[in-house]
Amino acid sequence: MTSPSSQSSLPSAPPPESGDPAPDDLTRIDLTVVIPAYDEQDRLAPTLAAVRSHLTTLRTPTGAPVAWELIVVDDGSTDATADIAGAAAEADPRVRLLRTPANRGKGHAVRTGVLASRGARVLVTDADLATPVEELDRLGRRLDEGAAAAVGSRALPGSRIAVRQHALRELLGRLGARLIRAAAVPGIRDTQCGFKLFDGDKVRTAFGRSRLDGWSFDAEILRFFHQEGWEIAEVPVRWAHQPGSKVRPRAYLDTLADLVRIRWGAVEPVRLAIPALFLLVATVLYAGLWASPGGRYLADSGSDQTQWEWFLAVAADNVAHLRNPLFTGLQNAPSGVNLMANTSMLGLSVPLAPVTLALGAHVTWALVLTGGLAATACAWYWLLAKRFVRSRWAAALGGGFCAFAPPMISHGNAHPNFLVLFMIPVIIDRLLRLCEGRRTRRDGVLLGLFLAYQVFLGEEALLLAVTGLALYALAHAVADPDLARAVAPRLLRGLGIAALVAVPLTAVPLAWQFLGPQSYGSVLHGQVGNHPMAFLEFATRSLAGDPGVAASLSLNRTEENAFFGWPLVVLTVAIAVRLRAEPRVRALAFTAAAAALLSLGQNIPLPGTDRTLPGPWRLVAELPVFESVIESRAAMICAPAVGVLLALACDRLALRRLRGERERSHRLLGCAALAVALLPVLPTPYRTVEREPVPEFIADGTWRAHVRPGRTLVPVPLPSPSDTAALHWQVRAGLGFAFPGGYFNGPWGPDRIGIYGPEPRPTSDLLQGVHDTGKVPAVGPQQRREFLTDLRYWRADSLVLDPRQNAAQLRETVTRLTGREPERLGGLWVWDVAGG
């Protein structure tokens, strides 16, 4: 439909019979105009005249007059609105009046009119005609170009606002538009302008399923169009505020409630079922921990669960007392511990401080593991459904693998910084947005914020993710160089913006990490690469896992960083070959292969021989930051690459049209291959054991009479990475005392090399030797002098010994050093040394 000066692709309607200017119910109508009206007696008559006048000028591409109808819906008006509309209907049969017995709301009125319409296109406009009806031509052109809906907008650069609203209403409108855009209709800046043109059949379908009667009906309808994949075009229009608005302050609250209904009602059951399934699986895996969070311990976590609970407790204590969250003096007294230089996950431990303070660090620990694992699966599922596949279940399978893959489950024993990775898919999505180049500045800012937050969740995980993304980008650029050249400028500009945001946010914490108190250089962990056979075997926590085989090919049960199993490796290769025509598939396959090769370390053992080959990790082993990475962890990059490939293959199977027996057999074969590859690597629940009880000396507060404020309690032997009982004691004591030693990363020697635990002192070495060997050493004047020096350095008030391994020898040694017998209190041997 066009004005006389323009043309349209709209087909013409059959002309009405001679002497009957109004089309009957069986005649095709080109355009229906719907006007909802409530107490509009002062504005309706000129509006109807203006609309009818413009409609009579419209022509089809053939030059014939446009067949139109005008529907006025009186929404229970109490004035003469119905009379005015009725008079217009009597004068022109193309005008119809529909009435509701009571005021039901604008949404109900528009629904009534749209469902009664017959037009190939339907225009909904307000009775005040704030947007002139002549703007219809601009909207019509967008439908000619293929859009299913064209919405008038006051928020685009080409919009012309003659008379503005009151500043407060305009502000509330902008805030409401942002909420609607975020909750219901992404990409549309102005959903509430009362001037919209729709494809008739589609809008009648949408209103047939709509439920909202109030002011938010626009958002509900546009949300439906968005979900159906029908294009919505936003068109700048002229607009002028008209006095006499029916919008009252309560309408803004009603709109908020409606947005919740829209968002909830728009959620398909599968979208709720899949996250619920992820949460259920995560809960089952950690069921042993949840059975008694304070009394059960992850059997394969070594000392790490105690350390992590301590990190959570200290973060909460720092928050509660407004202390520096980057440092604590509770371990390694008096030097303290640089929390930023340790994997304390401040991005979770600080926000979850209220939970820790209210329920305890053990509950927060279980919550982080369970919720973090489920959230990571949901994030990968969201990314795959949004960017890679159409089938929700294909996205669920790929997302589930990314989160529950054997390397991730292995780290779920004790390393939440490698398990809680929900920000990585969000970062990837923002990078893809930057490649699209739509809103580079906004996307760059958000990417910077996301990267900064991930720094406080896990820097090593971020480093591995960046490495994987770099491998993927390189491979994709080779596979599709034209696309790479097109997106590179946008991506680089966005990355520059992200850096400008992230660097200031992380500069101080990172400076504290690398230059602050108790900072250190690279961590000494030796060469720990994967054995090539580790990729073909199964992990301890996999359904087909053999703990003995896994132990022979890995550092420990927390570092089983490969173990995908030979069926999955074979299937992944087959998928890559089958879908090799797609550049992204070739890039994913290269990323997985390159990461696997990197994870083999600097020296790759040749299976069945004593020989090794130089590995590619040598290229990065001396680079800053990379020098502290356990190289076998690079295999974790394979998990998301394989997960995406699995999702792509599953998507092909889910959407394959069955055209005969051969197609059905192909789908059956594909499903069987997925089952054979994935069933063996399904994770099994984490094993838990009963926790060692805390001595009554600590639990009942007896320690308070033996440790003054600002002084320390010294466990015998000193706490170390292999002996962390004192960390648990300290948490149970409300972090009321400090102690020397502990389990953390700190500096050692003049070069400040990173080590696990404290820098050794003469007394700590002596006591640890007694514990390890069971032999009482000779104690002479020199040992006593060193002992007193260390006590003064540690600011010790008491020494305590828990009767356990070689306790008798330790008791005799400390008695010789102190020159006094200990006192048995609350299950511990106690030496008071406050007097030196």
Side-chain angles (χ1 to χ4, degrees), residues 1-4 10 12-60 64-101 103-104 106-137 139-140 194-198 200 203-204 207 242 244 246:
M1 68 202 68
T2 66
S3 63
L10 184 71
S12 60
E17 296 180 2
S18 177
D20 184 10
D24 60 31
D25 289 343
L26 300 179
T27 303
R28 172 74 172 179
I29 302 296
D30 295 322
L31 174 66
T32 298
V33 179
V34 175
I35 301 178
Y38 173 65
D39 287 351
E40 295 287 358
Q41 65 178 10
D42 296 331
R43 298 189 288 199
L44 186 58
T47 292
L48 294 178
V51 171
R52 290 167 61 196
S53 175
H54 182 74
L55 294 179
T56 58
T57 67
L58 300 180
R59 295 292 183 269
T60 68
V66 166
W68 57 267
E69 66 176 350
L70 175 57
I71 298 177
V72 179
V73 183
D74 174 41
D75 187 26
S77 297
T78 59
D79 60 4
T81 296
D83 297 334
I84 295 171
E90 290 180 2
D92 188 341
R94 291 172 295 184
V95 179
R96 288 196 284 158
L97 170 64
L98 303 178
R99 302 187 67 178
T100 59
N103 180 245
R104 297 283 301 276
K106 184 178 180 181
H108 182 270
V110 174
R111 184 188 306 114
T112 300
V114 169
L115 294 180
S117 69
R118 295 167 291 172
R121 291 178 179 178
V122 176
L123 173 71
V124 177
T125 185
D126 290 341
D128 61 6
L129 220 59
T131 298
V133 69
E134 290 77 15
E135 297 295 283
L136 169 64
D137 302 335
L139 274 60
F195 198 77
K196 298 178 177 68
L197 181 66
F198 300 95
V203 77
R204 283 185 283 271
F207 271 101
Q242 305 295 321
K246 305 298 189 301

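- With hydrogens and angles ignored, the 3.5 Å screen pairs no side-chain donor or acceptor of Ser53 with any backbone N or O of Ala50.
- Here the CG-CG distance, from Leu123 to Leu70, works out to 9.5 Å after rounding to the nearest 0.5 Å.
- You'll find the side chain of Asp74 reaches within 4.5 Å of the side chain of Leu97, heavy atoms only.
- For Thr112 (side chain) and His108 (main-chain N/O), a donor-acceptor pair under 3.5 Å exists by modelled atom type.
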Between Tyr38 and Asn103, does a side chain to side chain contact (heavy atoms under 4.5 Å, CB included) hold up when you go through it step by step?
CA-CA 8 Å; Tyr38 173 65; Asn103 180 245; 3.4 Å; yes
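- Not a single donor-acceptor pair under 3.5 Å links the side chain of Asp30 to the backbone N or O of Trp68.
- Although no hydrogens or angles enter the test, the distance criterion places no donor-acceptor pair under 3.5 Å between the side chain of Asp126 and the main chain of Asp128.
- Looking only at distances, no side-chain donor or acceptor of Glu69 sits under 3.5 Å from a matching main-chain atom of Ile29.
- Looking only at distances, a side-chain donor or acceptor of Thr81 sits under 3.5 Å from a matching main-chain atom of Glu40.
- Annotation: side chain of Asp75 is not in contact with side chain of Lys106 (no heavy-atom distance under 4.5 Å).
- Ile71 and Gly113 make their closest contact through CD1-O, 3.7 Å (heavy atoms, listed as atom of the first residue, atom of the second, distance).
- Considering every non-hydrogen atom in both Ala127 and Pro36, the closest pair reads CB-O, 3.8 Å.
- The minimum heavy-atom distance linking Leu197 with Leu139 is given by the pair N-CD2, 3.7 Å.
- Scanning all heavy atoms of the two residues, the minimum distance from Arg96 to Arg118 falls at NH2-NE, 4.0 Å.
- Closest heavy-atom contact between His54 and Thr57: O-OG1, 2.6 Å.
- The closest side-chain heavy-atom distance from Leu136 to Leu58 is below 4.5 Å.
- Pairing each heavy atom of Val122 with each of Ser117, the nearest pair is CG2-OG, 3.6 Å.
- Proximity of a side-chain donor or acceptor of Thr100 to a complementary backbone N or O of Gly76 within less than 3.5 Å is detected.
- Inter-residue side-chain proximity for Arg204 and Val114 is flagged as met; some heavy-atom pair is nearer than 4.5 Å.
- No side-chain heavy atom of Val73 sits under 4.5 Å from any side-chain heavy atom of Val110.
- No side-chain donor-acceptor contact under 3.5 Å links Arg52 to the backbone of Ala88.
- A 4.5 Å side-chain heavy-atom check between Leu48 and Ile35 finds at least one atom pair inside the cut-off.
- Rounded to the nearest 0.5 Å, atoms CG (Leu44) and CG (Asp39) are 11.5 Å apart.
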